[in-house]
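This is a predicted model, so every value here is computed, not measured.
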Amino acid sequence: MSEKFKLPARYGTGDKSVWVEYIALASEYKPAVNLGQGFPDYHAPEHVTKALAEITTGDNPLLNQYTRGYGHPRLVQNLAKLYSPLVGKQIDPLNEILVGSGAYEALFSAILGHVDNGDEVIVIEPFFDCYDYMIKFAGGIPKFIALQPRTNKSDITSADWVLDEKELRSLFNPRTKMIILNTPHNPLGKVFTQQELELIADLCKKHNVLCLSDEVYEWMVFKPHKHIRIASLPGMWERTITIGSAGKTFSVTGWKIGWAYGPANLMTNLQVVHQNCVYTCCTPVQEAVARSFEFELARYNSPECYFVSLAHELLAKRDYLVKVLKESGFKPTVPDGGYFIIADWTDLEKKIDLVSEKDKYKDYRFTKKFAKEAGVLTIPPSAFYSEEHKHLGEKYARFCFIKKDENLALTEKLLKEWSSKKTDRIH
């Protein structure tokens, strides 16, 4: 019986994801500060949460019932209003937008809807870990290329992490179906430049390849950097599916509403997967997201607009945590977008005994021991690399800085206390 009912081979060995493992770690050791998972520990804008409260107890009973399967009408209309001018194309809300159960399911529907057995998909490392699994579920073959720092300077930014152009070109061939782009990038915070995007676009057009552009951190870009949507480049709307997220846009990750948009002929494939997977998403939450967009569109481009103020708010948090990490012996990569910092911990290796941790990769051993000793939970970046490239992530830890100021201050206190104890022990 055990052989007959084993996990299907397409799901690999069924290993727990880094998220399952580290949530369990947090539950067991209860670190004082959780800078691991990417979510804010403070309230979303009041108008966002107030909208949901009003909807669920409001006069319209149908807002607590099923809505249109491919996306609540009010929401897709507002998404079309937002994105049409940004991509220079009048988006058809009913045929060119799909609302999913988070950006996660939008990615799932895009990959499962387009990747067939034997298709190759180019994945830029480090990558959101689900990309790899979803490609394999579809029968595809992931082909990995790593962003790597091209500088020896001490103050490194995410812009210093780049792709090797020759290596990238070599991955495109007749079997290539798709390339997955993530900008602003998780976990590096890299905001791809116009020149970098044009290179990817030119290769997609030359080899007739789809671009799946994961842009969930689109509003978290720090000046002078600008987020460029690859779908807006010449000839790319026709071959790009773009992913967005209400959880990231409005700081409500638990709402699990995301979307994909692109040309109707490409979106049809996503609709087929979606209608046979979750079929439709939570109606009151979609209505609340729709109203939240209306609120922000009414003050679009003003300093008060959350699409503007969020990045300003995060910039101060980023700079504070970068300072704390440097003072504690880490070497952080300063992100140009998003809300994560990758920090090199190798200068701290002499202060921490990793022998008691039995994980294969050093960043897992470091982050677990660090959580137990310092009380600060972080994430091991090797989880975001393919097996052959995991060594590239082993000397880093990922910190999330979309946290209360008092928790960032507590992080500074804990790191100073930990460092002081380690210094005393050495002496």
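Looking at Glu394 and Lys390, no side-chain N of the basic residue comes within less than 4.0 Å of a carboxylate O on the acidic one, giving no salt bridge.
Stacking of Lys190 on the aromatic ring of Phe192 is recorded, both the 6.0 Å distance cut-off and the 45° axial limit being met. Annotation: cation-pi pair Lys317/Phe401 absent, no NZ/CZ under 6.0 Å from the ring centroid and within 45° of its normal. A cation-pi contact links Arg318 to Phe222, judged by a cut-off of 6.0 Å to the six-membered ring centre and 45° from its axis.
With sequence neighbours excluded, the residues that form a side chain to side chain contact (heavy atoms under 4.5 Å, CB included) with Glu406 are Lys404. Looking at residues two or more places apart in sequence or on another chain, you find a side chain to side chain contact (heavy atoms under 4.5 Å, CB included) between Tyr131 and Leu107, Val123, Phe127, Phe128, Ile180, Asn182, Asp214. Applying the ring pair (Phe, Tyr, Trp, His ring centres under 6.0 Å) criterion to Phe295, with sequence neighbours excluded, gives His47. For Val87, the side chain to side chain contact (heavy atoms under 4.5 Å, CB included) test picks out Lys89, Ile91, Arg229, Ala231, Trp237, Tyr261, with sequence neighbours left out. The salt bridge (charged side-chain N to carboxylate O under 4.0 Å, His left out) check on Asp359 picks up Lys368, with sequence neighbours excluded. Tyr11 is linked by a side chain to side chain contact (heavy atoms under 4.5 Å, CB included) to Leu7, Pro8, Phe137, counting only residues two or more places apart in sequence or in another chain. Residues passing the salt bridge (charged side-chain N to carboxylate O under 4.0 Å, His left out) test with Glu165 are Arg169, sequence neighbours excluded. Partners of Lys143 by salt bridge (charged side-chain N to carboxylate O under 4.0 Å, His left out), not counting sequence neighbours: none found. Residues meeting the side-chain hydrogen bond (donor to acceptor under 3.5 Å, both in side chains) test with Thr193, sequence neighbours left out: Glu196. In terms of the salt bridge (charged side-chain N to carboxylate O under 4.0 Å, His left out) criterion, residue partners of Arg175 (sequence neighbours excluded) are, by chain and number, Glu120. A search for side-chain hydrogen bond (donor to acceptor under 3.5 Å, both in side chains) contacts involving Thr333 returns Trp161, not counting sequence neighbours.
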Requested in this report: For the pair Phe399 and Phe330, evaluate ring pair (Phe, Tyr, Trp, His ring centres under 6.0 Å) and give the outcome as yes or no after the intermediate values.
Outcome: CA-CA 11 Å; Phe399 293 78; Phe330 289 92; 5.3 Å; yes

Requested in this report: Go through the steps to decide whether Tyr22 and Thr378 satisfy the test side-chain hydrogen bond (donor to acceptor under 3.5 Å, both in side chains), and finish with yes or no.
Outcome: CA-CA 9 Å; Tyr22 274 68; Thr378 61; over 6 Å; no

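By the 6.0 Å contact criterion, CD on Gln195 is open, its count of non-hydrogen atoms from other residues, nucleotides or ligands being 12 or less.
The aromatic ring centres of Phe307 and Trp219 sit less than 6.0 Å apart. In this structure, Trp255 has its ring center at least 6.0 angstrom away from the ring center of Phe250.
Listed by first and then second residue, the ring pair (Phe, Tyr, Trp, His ring centres under 6.0 Å) pairs that reach into residues 23-43 come to none, sequence neighbours excluded.
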